[in-house]
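To start, the structure itself, in structure tokens.
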Amino acid sequence: MARSDEAAAFFATVYSAVREIPEGKVTSYGHIAKLIGTPQRPRQVGVCLKHLSHDAGARFNNVNVPWQRVINAKGAISQRSQPSGARNQAAALQAEGVTVATGALGELTVDFAEYGWFPRSLPSEEESELDDDDSE
DNA sequence: ATACTGACCCTGG
DNA sequence: ACCAGGGCCAGTA
């Protein structure tokens with residue numbers, strides 16, 4: 001498998017993971033990176049979303065992939081080159097019923113405690129403070 | 001081909 | 001609590 005193919009596979013994997021985010025929920029780039037087994041590349045996740053196709057005929061596009069449900073670890077919508085994009089993302093989230101607040105610096109934030117999506121597939125998070133049952 | 005950028009995140013001071 | 005530094009690597013110039 002050539003490197004370019006691996007890159008394409010990475011894109012597809014990211015898009016598939018993003019698709020798993022339930023409507024009305026949000027998660028972080030880093031979380032997506034962990035889910036797909038590459039916890040050290042949250043930046044590349046952002047690259048994937050940036051390059052998401054606008055063509056409705058594409059396998060993955062900005063309609064069938066809920067890109068708006070991915071925000072940064074600080075619980076804020078990442079600012080990008082075009083300020084309108086962040087606003088656009090906030091609007092898309094609010095359309096799903098997600099409350100978006102505005103910070104003192106004008107940053108658009110979402111409350112993880114309320115809308116965060118964090119599945120338990122993470123290897124590290126397993127050793128939780130569950131009750132007792134260590135049957136293993 | 002080389003160099004800089006970036007829709008990020010974590011660890012230290 | 002905030003700021004700096006380091007790592008990551010596909011895109012873009």
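Between A:Glu107 atom CD and C:dC2 atom P the separation is 10 Å, expressed in whole Å. One atom, OH of A:Tyr29, and another, P of C:dC8, lie 21 Å apart when rounded to the nearest Å. Atom-to-atom, CD1 of A:Ile36 to C1' of C:dC9 comes out at 13 Å; the value is rounded to the nearest Å. At whole-Å resolution of the value, CD in A:Gln40 and C1' in B:dC8 are 13 Å apart. Atom CG in A:Leu49 sits about 16 Å away from atom P in C:dA10, given to the nearest Å. Rounded to whole Å, the distance from NZ on A:Lys34 to C1' on B:dC8 is 12 Å. As rounded to whole Å, 14 Å separates atom P of B:dC8 from atom CH2 of A:Trp67. The distance from atom OH of A:Tyr15 to atom P of C:dA10 is 14 Å, rounded to the nearest whole Å.
One distance of note links OG1 of A:Thr102 with CG of A:Leu105; it measures 11.0 Å at 0.5 Å rounding. Note that the CD atom of A:Gln89 and the CD atom of A:Gln68 stand 7.0 Å from one another [nearest 0.5 Å].
Note on A:Gln44: a base of the nucleic acid sits closer than 4.0 angstrom, heavy atoms only. Heavy atoms of A:Gln79 sit under 4.0 angstrom from primed sugar atoms or phosphate atoms, though from no base atom. A:Ser28 comes within contact range of the sugar-phosphate backbone alone, with a heavy-atom separation under 4.0 Å but no base atom that close.
Each of C:dG11, B:dA7, B:dC8 was ranked by its minimum atom distance to the side chain of A:Phe11; first place goes to C:dG11.
C:dA4 and B:dA7 have their C1' atoms separated by 22 Å, with the value rounded to a whole Å.
In this structure, A:Phe60 and A:Tyr15 have tilted ring planes: the angle between them lies in the 30° to 60° band.
Proximity of A:Arg43 to the phosphate of B:dG6: no side-chain N or O atom is located under 4.0 Å from OP1 or OP2. Contact annotation: A:His51 reaches the phosphate of C:dT12 (side-chain N/O to OP1 or OP2, under 4.0 Å).
Across every strand in view, C:dC8 sits unpaired, with no contact that passes the Watson-Crick or G-U test at under 3.5 angstrom.
In this structure, A:Glu107 and A:Lys74 have side chains that are not in contact, with every pair of non-hydrogen atoms separated by 4.5 Å or more.
Between A:Ser78 and A:Asn72, the side chains place a donor N or O and an acceptor N or O closer than 3.5 Å (distance only, hydrogens not considered).
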